[in-house]
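See below for the structure under consideration.
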Amino acid sequence: MAIALQASGVATPDVCRRLVLRTNPRGAKAECVFTDGTSILLSNFLASFIHPGDEVRFPLTLEAAAAAEIQVSDTKRPSGRREIFQADIGYAAQPRKNKRGELFVLAEVVGPCLGISTIQLRCDTLRDYFYARSRNRGFDGQPSFYELLKCSPTASLTELRLAFRLRSLELRAARESSRELATLERAFNILGRPELRACYDALLTDPGTPVLFPYGGFGCLLVAGETSRDGTTFVASRILAFLPQQKVQRIRAPVRRFAFYDDHAVYLDSRGKLEVLIDQAALAISWDSTWNQWKHLLASELIIRAAFVESGKYLPRAGDWRLLKWQTAVPSRIEISPPPTITEEISEARKVHHRFGQFATALDEIRARVEAVPIEKSDLEKFCAALGIPADFDVGLITWKPDYDPFFYRQLRRRSRSLFLFRSEYIFDLEAAVVVETPQLGHATYVFSKPAGLTEFLSLYSGLTKNDIRHNRNNSAERLGFLGRLIHSRNPQAWLQELRTRLGERIDYATSEA
């Protein structure tokens with residue numbers, strides 16, 4: 001539906017106003033020819049609403065053309081004239097009432113060039129486009145999305161996905177039209193999001209209830225209606241088409257970053273601004289909310305391939321309102337590939353968690369020891385054995401925090417000769433340096449030059465704080481040979497390359513690890 005604007009002919013003012021002579025099909029596009037001999041290329045869908053004699057307004061700058069903003073007016077109807085407006089929209093606000101008590105939603109126009117900054121959409125207009133099974137009929141009396149999916153209104157998210165898969169197979173086997181398949185997918189994408197499902201369920205009870213713009217707006221919107229008297233708002237009476245901002249991404253999602261509930265799980269990546277909601281049919285592994293107690297012990301990552309749409313919400317920040325944007329995975333377009341060893345890793349994490357409880361008293365004693373002085377991990381393992389803790393228990397996990405990325409630990413551990421536990425830190429003795437790592441999000445890696453004696457280094461380090469070292473109090477940084485901090489960036493590869501540089505390792509950028 002997005003427009004490719006190609007103008008020919010005359011000068012290029014900020015806004016062009018032209019009268020339509022005719023439209024000519026040009027394969028995937030349609031040429032809209034104006035009475036002055038100039039023309040633009042439009043999508044065939046938009047061109048189907050344009051007739052000879054219509055007035056067309058559009059920006060001619062390249063930046064505006066990319067935004068696909070265009071307005072069409074029927075000049076044959078001076079009073080109550082028909083208008084079409086297409087623009088990229090950003091955030092669509094929550095429903096509210098106008099002076100007549102009608103519910104409506106305002107959508108922002110992104111980079112407005114024609115003077116129209118918002119699009120006003122009545123809630124019944126949103127309802128009939130997004131929440132109705134057939135867009136050509138009124139909402140009342142239509143079969144519900146649940147009937148389309150052939151499932152109960154009380155179905156769980158897992159049952160909804162299974163019903164969606166089954167109905168998709170049935171429609172394809174019956175060679176139903178692409179429109180029917182698109183309607184089925186829209187039904188699942190509404191019911192597959194808790195907030196949209198709640199809105200839809202409320203509509204089934206009361207069709208006049210407030211309606212949400214799915215996923216908060218963000219996309220290319222084509223509407224029919226009329227412009228307000230001041231020319232800043234387009235009052236839509238009908239949605240003709242909406243194409244959300246969407247892109248397919250393949251991401252690695254650590255299991256420890258999921259929030260698990262009995263019927264679904266949510267993955268949030270605060271750095272990448274990504275959100276994925278999954279059910280047990282999507283992952284094909286049974287879980288419950290107790291997984292939140294020990295998920296941090298899992299190093300497993302899920303490979304998720306999904307179509308993400310832009311979402312957003314205004315939140316108060318420092319006395320002002322700020323738009324927070326993120327990307328949400330569309331339920332119907334989620335594919336998950338777990339590692340082949342995930343079942344064994346889950347079993348091991350559960351066992352470790354059980355042992356934390358089983359040997360809680362002994363582990364508290366170990367924590368008290370490493371709080372006082374650095375102790376080598378091999379010595380702690382001997383102490384664990386004396387306390388009756390099984391040999392396969394990893395004592396290093398006693399300071400591991402749920403939000404820590406094990407990538408950093410693995411890279412340091414494979415380079416270390418020995419590992420010491422001290423307070424909530426790991427001290428790695430490497431061939432060319434000593435590295436201190438805190439297994440928790442938000443902490444940096446501290447690198448020190450190789451000391452003449454490790455015992456003396458540990459004794460000096462244990463009497464200092466990170467703040468002392470950073471500010472070189474009493475020459476502490478100089479005496480320890482402090483080389484600097486490595487920030488845990490969003491891209492661990494950048495951290496690894498900086499570590500290799502500090503350690504004097506040769507970096508082959510063509511084959512470096514991802």
Exam field: side chain [X] to backbone [Y], donor-acceptor pair closer than 3.5 Å:
X: R369; Y: L380; value: no
X: T501; Y: Q497; value: yes
X: S476; Y: D468; value: yes
X: Y461; Y: V436; value: no
X: D269; Y: A253; value: no

Does the side chain of [X] reach to within under 4.5 Å of the side chain of [Y], using non-hydrogen atoms?
X: Y215; Y: N189; result: yes
X: L160; Y: L149; result: yes
X: P59; Y: D14; result: no
X: F383; Y: V395; result: no
X: S416; Y: D429; result: no
X: I303; Y: R252; result: yes
X: K466; Y: E425; result: yes
X: I389; Y: R355; result: no

Consider side chain to side chain contact (heavy atoms under 4.5 Å, CB included). Of I336, I342, I304, which one does L283 pass it with? I336

Only residue of V105, V109, I239, L106 satisfying side chain to side chain contact (heavy atoms under 4.5 Å, CB included) with I119 is V109

Report yes or no: do T118 and T233 form a side-chain donor-acceptor pair below 3.5 Å? yes

Audit row: T465, N467, side chain to side chain donor-acceptor pair (under 3.5 Å) steps and yes/no: CA-CA 5 Å; T465 66; N467 200 38; 5.4 Å; no

Ring-face cation contact, F260 with K295, 6.0 Å cut, 45° max: no

Can you check whether F213 and F242 have ring centres sitting under 6.0 Å from each other? yes

Would you say the rings of F356 and F393 are close, in the sense that their centroids are separated by under 6.0 Å? yes

Is it true that E275 and R193 make a salt bridge, defined as a side-chain N closer than 4.0 Å to a carboxylate O? yes

Between atom CG of L42 and atom CD1 of I70, what is the distance when rounded to the nearest 0.5 Å? 5.0 Å

With H488, which of Y446, F408, Y409 fulfils ring-ring contact (aromatic ring centres under 6.0 Å, His included)? F408

